[in-house]
Structures are given as structure tokens and as C-alpha cells.
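Heads up: the structure comes next, in C-alpha cells.
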Amino acid sequence: MLTKAQWHYCLDEMERMFPDAHCELVHENPFELLVATLLSAQCTDVLVNKVTKTLFQKYKKPEDYLAVSIEELQTDIRSIGLYRNKAKNIQALSKQLIELYDGEVPANRDLLTTFPGVGRKTANVVVSVAFDIPAIAVDTHVERVTKRLGLCRWKDSVLQVEETLMKKTPIELWSKAHHQLIFFGRYHCKAQNPNCPECPLLAVCREGKKRMSKIV
DNA sequence: CTCCCGATAT
DNA sequence: ATATCAGGAG
């Protein structure tokens, strides 16, 4: 397992590699971020942005998503994948927003998870990015990177990963570290071909050292 | 655990 | 052909 000093070394190096890591889901308000994040499940953010570019011109408010048929909304987001569930969730979520929150996205993680299609990860993204509330959303990249490094156990749940990250990272760094973990996982410590030979974290990485010893 | 699911990279 | 992608619900 990584020591505290080793983890802070990782945070420093990721800051060096990706100093401008940020949310790559294009949005102009909390509602757009909520929809974009819901759409991003099992889909690249590049594809999400391609769809929302036209989607957000057609649908501005929750009412707009309820004004069309489910089939029409499905067609508008079909290229995203999982489009039947996502279309249904967007309409149900819009209805709940109007009836219980006057159409405004609540700045509260636990309230957000009561919305259909919104789990802990999506809720953490929204409160963190849209409302500057400290949170660490554990997506596929964050989970993979923290487990490869050895900060977490391979058998840990995403909630356990989140708790470990919150415990071992100063709260003022949560948002930045969260995005740097994603950039590091997306562009360097990739799922299929991680670039271990050129990795500045190799010296402290459990999985990296194992992979490199196999090559030699 | 399974299902949902199209686009892209390997 | 197969793996993966800013997951969530039953």
C-alpha cells in the first residue's frame, strides 16, 4: 500500500503532468451538467459533447424534455448508447425537478441521488463542478488508477475507493486531484496500454513495477 | 450479478 | 473480434 508521502508525491507529479485538468463535459449551467453527466455513463465525453452541442440548443429547461415524446428524445441521444434508459431517466428527472425543486438543480449530493439515473458518482460531479462543494467522484479512470498505484485494494468497492481518497487527500485538493486522476487515467495510465516506461509514478506504482518486471 | 448499448480504439 | 467508455438500477 502507498504511504502518505508516496501518495503526496503522486499528487505533485500529476499536478506537474496535468496542471489544467478540468471537467471536459461542456455545459453552461448546473442543469446542463446534470444531463451531460447522466449521458456520460459508459460513453466517452467526446461523444457526449458531440450530442449535447445540438441537444442543449433544442432543450433548455426541464419542461422542454417533457414536451416531446420518449421516442423523439431517444432519437436525439441514440448515438450515446444506453439511450432507452437515459431518455427515460432524463424525463423522469425533469419531472421531479419541476415538481419538487421548482426546476432548479439542488446543490446537495444526497438530494441529487434521489433522482432517477443519478447515482453517487454523478451527484459528486454535479456538486463538485457546478457548486464548488468538495467531493471526489469515482469513475472508471479514478478507480483503475488508484488501484493500480496501490492506494486501494483491488477488491475495494467504488465507495471504499472514494473514502480512501477523501481520507488521504487534503480537502482543498479534492476537486483538483479528482480531475488530475481522470486526466492521468484517460491520457497516460490508460486501460489497455498504460505508458509505464515513461511514467513519473513508476517508482511508487504497484502495478507499474509488476508490469515492467515482466517485460525484462 | 446482469442488463442496458452505440462509437471508437486496439 | 474484442475491450472500453466520466454508471445506475433491478
Side-chain angles (χ1 to χ4, degrees), chain A residues 14 18 20-27 30-56 70-71 73-96 105 109-131 133-148 152 154-162 165-166 174-196 207 211:
Chain A
M14 285 190 287
F18 305 104
D20 58 351
H22 62 283
C23 177
E24 297 199 294
L25 293 169
V26 177
H27 64 283
F31 181 56
E32 286 190 355
L33 178 63
L34 179 58
V35 173
T37 310
L38 188 150
L39 289 175
S40 71
Q42 296 294 290
C43 175
T44 61
D45 56 341
V46 174
L47 201 50
V48 173
N49 291 335
K50 197 174 295 182
V51 166
T52 56
K53 183 173 183 180
T54 53
L55 190 75
F56 291 164
I70 185 74
E71 291 80 8
L73 183 54
Q74 284 177 6
T75 301
D76 289 335
I77 66 172
R78 184 171 43 82
S79 61
I80 289 291
L82 308 180
Y83 60 90
R84 275 182 272 257
N85 284 334
K86 289 174 182 175
K88 179 159 55 73
N89 286 333
I90 288 173
Q91 288 196 327
L93 168 155
S94 295
K95 187 177 181 186
Q96 187 171 332
V105 177
R109 204 256 312 281
D110 294 324
L111 288 180
L112 283 167
T113 55
T114 68
F115 286 78
V118 180
R120 191 177 177 92
K121 177 256 167 182
T122 298
N124 277 335
V125 169
V126 172
V127 296
S128 169
V129 174
F131 300 112
I133 297 172
I136 298 178
V138 178
D139 68 350
T140 181
H141 299 297
V142 175
E143 179 177 12
R144 181 180 67 251
V145 169
T146 54
K147 288 184 176 180
R148 276 181 178 168
C152 307
W154 285 107
K155 59 195 296 188
D156 283 351
S157 66
V158 289
L159 184 57
Q160 287 175 307
V161 171
E162 181 184 331
L165 279 168
M166 291 191 292
W174 285 6
S175 178
K176 194 72 178 187
H178 156 65
H179 288 112
Q180 284 167 344
L181 278 167
I182 290 177
F183 271 56
F184 180 68
R186 183 179 294 161
Y187 303 116
H188 189 94
C189 189
K190 293 182 284 189
Q192 290 187 278
N193 290 100
N195 190 0
C196 299
E207 183 68 13
R211 284 170 179 266

Which is more 5' along DNA chain C, the nucleotide nearest A/A191 or the one nearest A/A41? Just name the residue.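 Taking each residue's closest nucleotide, the earlier one in sequence belongs to A/A191.
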Starting from the 5' end of DNA chain C, give me the residue, A/H178 or A/P116, whose nearest nucleotide shows up first. A/H178
Could you pull out all residues at least two apart from A/K176 that satisfy salt bridge (Lys or Arg N to Asp or Glu O under 4.0 Å)?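 In terms of salt bridge (Lys or Arg N to Asp or Glu O under 4.0 Å), with neighbours along the sequence ignored, A/K176 is linked to no residue.
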For A/D156, salt bridge (Lys or Arg N to Asp or Glu O under 4.0 Å) partners two or more places apart: none
Taking only residues two or more places apart in sequence, or in another chain, which ones meet [X] in a side-chain contact (heavy atoms from CB on, under 4.5 Å)?
{"X": "A/A21", "answer": "A/F18, A/H179, A/Q180, A/F183"}
{"X": "A/A87", "answer": "A/I70, A/L73, A/Q74, A/I77"}
{"X": "A/S157", "answer": "A/L159, A/Q160"}
{"X": "A/P116", "answer": "A/N89, A/A92, A/L93, A/Q96"}

For every nucleotide of nucleotides 3-9 of chain B, 5' to 3': is a protein heavy atom under 4.0 Å from its base (B), only from its sugar-phosphate (S), or from neither (-)? -BBBSS-
Regarding A/E24 and A/N49, is there a side-chain donor-to-acceptor distance under 3.5 Å anywhere? no
Base, sugar-phosphate, or nothing: which does [X] touch, judged by heavy atoms less than 4.0 Å apart?
{"X": "A/V118", "value": "sugar-phosphate"}
{"X": "A/L38", "value": "nothing"}
{"X": "A/N89", "value": "nothing"}
{"X": "A/F183", "value": "nothing"}

Rounded P spacing from C/dA3 to B/dT2 in Å: 15 Å
When you compare B/dC1 with C/dA6, how far apart are their P atoms, in angstrom units rounded to a whole number?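 The same atom, P, in both gives a distance of 23 Å.
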Do any side-chain atoms of residues 31-43 of chain A form donor-acceptor pairs under 3.5 angstrom with protein atoms, and if so which ones, sequence neighbours left out?
| unit_1 | atom_1 | unit_2 | atom_2 | d |
| --- | --- | --- | --- | --- |
| A/E32 | OE1 | A/E28 | N | 2.8 |
| A/T37 | OG1 | A/L33 | O | 2.6 |
| A/S40 | OG | A/T37 | O | 2.6 |

Give the first and the last nucleotide of DNA chain C, reading 5' to 3', that has any atom under 4.0 Å from a heavy atom of chain A.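 Terminal contacting nucleotides, 5' to 3': C/dA3 to C/dA9.
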Of the options A/K121, A/E162, A/R120, which is the one that meets A/V138 in a side chain to side chain contact (heavy atoms under 4.5 Å, CB included)? A/E162
